[in-house]
Amino acid sequence: MEEISKIYDPKKSEEKWYKYWMENGFFHSEPDGREAYAMVMPPPNVTGVLHMGHVLNNTIQDVLVRHARMQGKNTCWVPGTDHASIATEAKVVALLKEKGIAKKDLSREEFLKYAWEWKEKYGGIIIEQLKTLGCSCDWERTRFTMDEDLSKAVIQVFVDLYKKGNIYRGVRMVNWDPKGLTAVSDEEVNYKEVDSRLFYVKYKIENTHEASSGQATDEWITIATTRPETILGDTAVCVNPNDDRYKSLVGKRAIIPMVNRSVPIIADEYVTMEFGTGALKITPAHDINDYNLGVKHNLPLIDTINPDGTMSKEAGFYIGEDRFIVRNKIAKELEEMGQIVKVENIKNKVGYSERTDAVIEPKLSMQWFLKMDKISKPALDHVLDGTIKLIPDKYITTYRHWMENVHDWCISRQLWWGQQIPAWYCVDGTKPECREAIVTETNPGKCPHCGSINIRQDEDVLDTWFSSWLWPISVFDGFKTPGNKDISYYYPTNDLVTAPEILFFWVARMIIAGYEYLGKEPFRYVYLTGTVRDKIGRKMSKSLGNSPDPLDLIAQYGADGTRVGILLCSPAGNDLTFDELLCEQGRNFSNKLWNSFRLITTWKPEDIEPNEDALKNSSWFKNKLDEQIASIEKDYSSYRISEVLMTTYKLVWDDFCSEYLERIKISCRNGFPQKIYDDTIQYLEILLKLVHPFMPFITEEIWDNIKQREDKDRIIVAKFPTPAEVDNSLVTHFEDIRKSFVRNGRNLHQQIYLPLKQKLILISPEPNSLGL
RNA sequence: GGGCUGUUAGUUCAGCUGGUUUAGAAUGCUGCCUCGACAAGGCAGAGGUCGGCGGUUCGAGCCCGCCACAGCCCACCA
């Protein structure tokens with residue numbers, strides 16, 4: 001046996017064992033006769049660097065995988081990365097800007113070339129970082145959502161859903177950035193509270209000077225708006241149907257000032273009676289809510305603003321002038337016409353583009369949608385009937401609510417990085433059918449209706465989630481070669497570990513795809529982790545700079561210590577406030593484990609009979625072990641991972657180190673019986689196995705140091721302990737002794753061993769029970 | 001604004017089907033201890049009106065109602 005170093009060196013073990021496991025195929029899985037345990041990793045963004053959220057998420061996954069592996073299952077944990085179209089494209093654009101290259105000066109092909117170069121260079125960083133954490137992924141199966149096969153699957157699915165009539169084109173409001181001349185996602189819009197002026201503008205009621213009352217006076221309705229420039233695009237005035245002030249006006253028509261257009265006065269519950277005058281002008285082309293009302297009440301759309309934020313021809317006035325200049329001009333003009341009742345200063349929220357800081361202009365655009373009503377039905381049913389279990393189950397209510405009110409999924413994005421939509425348009429079509437999009441997996445070459453070869457592909461790419469929703473199927477090539485060996489063996493996978501924020505974006509959609517394409521759930525258990533927060537409850541994020549670098553933590557406390565640290569505070573589904581102190585506790589635990597092993601190595605077993613105390617002590621611990629193993633097994637099956645860890649921690653620290661080893665030390669002080677030595681080693685091995693899913697490195701290291709072992713005899717594949725029958729009387733009997741025995745701030749060693757050494761007579765309540 | 005969840009030692013959390021004695025654990029704190037695995041350690045101790053108010057019950061941390069506060073998701077009020 002090698003000399004056991006006094007201090008455990010985590011770094012040395014981490015390097016040594018990770019390499020060993022990789023090179024000897026302990027992580028790799030191929031279908032065989034054993035029971036499968038499969039799990040797909042939520043693919044981190046290629047732009048990502050390891051943060052505490054990844055540490056939490058992947059540690060839990062690794063614990064589950066290692067536990068399953070030790071249960072003798074054929075485990076396959078598939079890693080990979082997500083192309084993350086928005087985040088990556090933004091990153092590449094920023095990088096090009098630094099080089100003095102503007103995206104708009106590049107062709108699509110040129111831009112994508114840069115993007116791929118970026119991906120090849122930086123896209124693998126997070127994968128390497130996950131290895132330092134000890135993740136036992138099947139790295140040979142690493143996938144990327146834009147790999148050729150996976151992209152093909154995405155296109156195939158799009159075409160299939162289109163043919164089934166589930167995909168359609170429709171109009172939708174997008175956040176338009178008039179400076180960047182691009183649509184931006186909701187996440188890229190910052191809402192800021194600003195000082196605005198609220199203009200009260202009166203609109204004339206049509207034909208009121210001929211009112212039946214006989215009085216030749218005009219009647220007016222006053223609306224309130226912060227955006228007078230959009231008056232030119234008004235197509236209705238709306239009031240609340242319960243508003244007594246306006247009941248008589250509903251059904252009449254109002255005249256839009258300046259353009260003198262007659263528009264209906266309609267009623268809808270949407271209007272807040274208390275705000276402004278309780279009358280709302282409706283501009284369906286330039287406000288999302290107005291748009292929805294427009295759809296509901298069948299109102300015409302007048303698009304009065306150009307993409308660059310200037311007034312369009314449709315506006316009729318101030319054509320080509322900027323919307324904010326026009327705002328003031330129109331306000332002034334209305335004032336002169338005597339149609340401004342008053343102006344109020346208010347604070348309201350205005351959306352700004354994250355990239356250019358321009359005020360976002362809601363703009364109508366053609367987008368692709370996936371119908372969700374029918375396709376999502378099985379995904380709701382099978383969560384409700386328990387085929388798929390959410391852990392913790394409190395998320396079922398939220399899930400249900402969302403799935404019952406699911407709206408169609410807008411799957412197109414105005415970006416270049418991603419799978420380009422497989423739709424072509426005939427540019428110079430002569431027949432009416434030529435105006436339809438041609439949806440096929442490959443370029444059709446010509447218009448099938450008129451034969452024109454002048455066709456062009458849709459510019460947009462698909463939403464990133466439209467590729468990741470296929471992840472559990474596509475990583476096993478379930479679309480490329482349906483029914484292949486891998487997909488039949490590994491699908492449905494067992495567990496999915498992810499954050500509740502993406503329960504709908506991702507989890508729900510994977511379930512939908514699973515039922516749609518394989519008729520089966522993609523996974524059986526969804527373990528939802530909490531959000532990692534700092535001590536004052538803020539979400540840990542890069543932008544706040546309040547997150548420790550996991551790599552620093554690993555360097556300081558070891559991968560094992562870091563893993564324990566993050567798990568000590570992480571019940572499923574609850575947020576966790578992370579404190580570096582926990583990693584220190586984790587490191588201390590590995591230290592304790594190491595030292596207990598060092599103690600055992602100092603014992604020299606002899607061929608003598610153990611005394612009664614040693615025997616009793618040994619059988620007590622055996623029982624304690626079985627009792628706790630049963631509890632651990634129960635906690636694993638209910639996914640109470642941090643409970644498992646705490647039980648294991650106390651079993652090692654309190655029961656094994658503080659009790660068992662201390663007593664053995666005393667009862668075997670005059671010679672160490674072989675039987676007790678063998679028992680102790682056996683107990684240590686059981687404990688190491690229990691600890692291994694949490695602390696893979698130190699356990700493998702100690703395991704290896706216990707004795708000479710075969711290459712296959714590694715703790716990573718050792719059989720996970722199962723409980724034997726527990727003799728409760730024995731457990732409680734010894735606990736009673738313990739309670740009566742320890743007192744006055746002296747431990748067993750101090751109470752028994754030292755007095756003996758000093759040839760003093762021991763005084764204890766039950767000296768004989770310890771065989772002294 | 002709509003939906004959901006939570007509130008238990010200083011801190012982070014358990015507490016499962018209402019009934020284990022005095023509501024647990026870890027950590028932190030305080031005191032004592034260099035002893036032969038470990039001071040990254042050992043032993044002991046202090047710490048709680050279970051967010052507030054009311055109700056149901058023989059009995060409530062747990063069930064019901066209201067209130068307060070916090071968080072999450074969705075929508076983004078002219």
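Throughout, a chain's letter reflects where its sequence line sits, starting with A, and its residues are numbered from 1. In what follows, every heavy atom counts, from backbone to side chain, and hydrogens, waters and symmetry copies are set aside.
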With A:D357 via salt bridge (Lys or Arg N to Asp or Glu O under 4.0 Å) - residues at least two apart: A:K192
Give a yes or no on whether a donor-acceptor pair under 3.5 Å exists between the nucleobase atoms of B:rA37, that is its base, and the side chain of A:E662. yes
Position toward the 5' end of RNA chain B (nearest nucleotide), A:I7 or A:G278: A:I7
Which residues within residues 221-228 of chain A lie with some heavy atom under 4.0 Å of an atom in RNA chain B? A:A224, A:T226
Whole-Å distance, A:L684 CG to B:rA37 P, equals 16 Å
Any A:K665 side-chain N or O less than 4.0 Å from OP1/OP2 of B:rC35: no
Counting only Watson-Crick and G-U wobble pairs with both atom distances below 3.5 Å, the stems of 3 or more consecutive pairs that include RNA chain B are B:1-7 with B:68-74, B:10-13 with B:24-27, B:29-33 with B:41-45, B:51-55 with B:63-67
Syn versus anti for B:rG47, judged by chi lying within 90° of 0? syn
Among B:rC77, B:rU27, B:rA37, the one nearest any side-chain atom of A:Y649 is B:rU27
In this structure, are over 12 heavy atoms from other groups packed under 6.0 Å from A:R245 atom CZ? yes
Quick check on B:rC76: is either OP1 or OP2 less than 4.0 Å from any side-chain nitrogen or oxygen of A:Y352? no
Would you call the rings of A:F672 and A:Y677 parallel, tilted or perpendicular if under 30° counts as parallel and over 60° as perpendicular? perpendicular
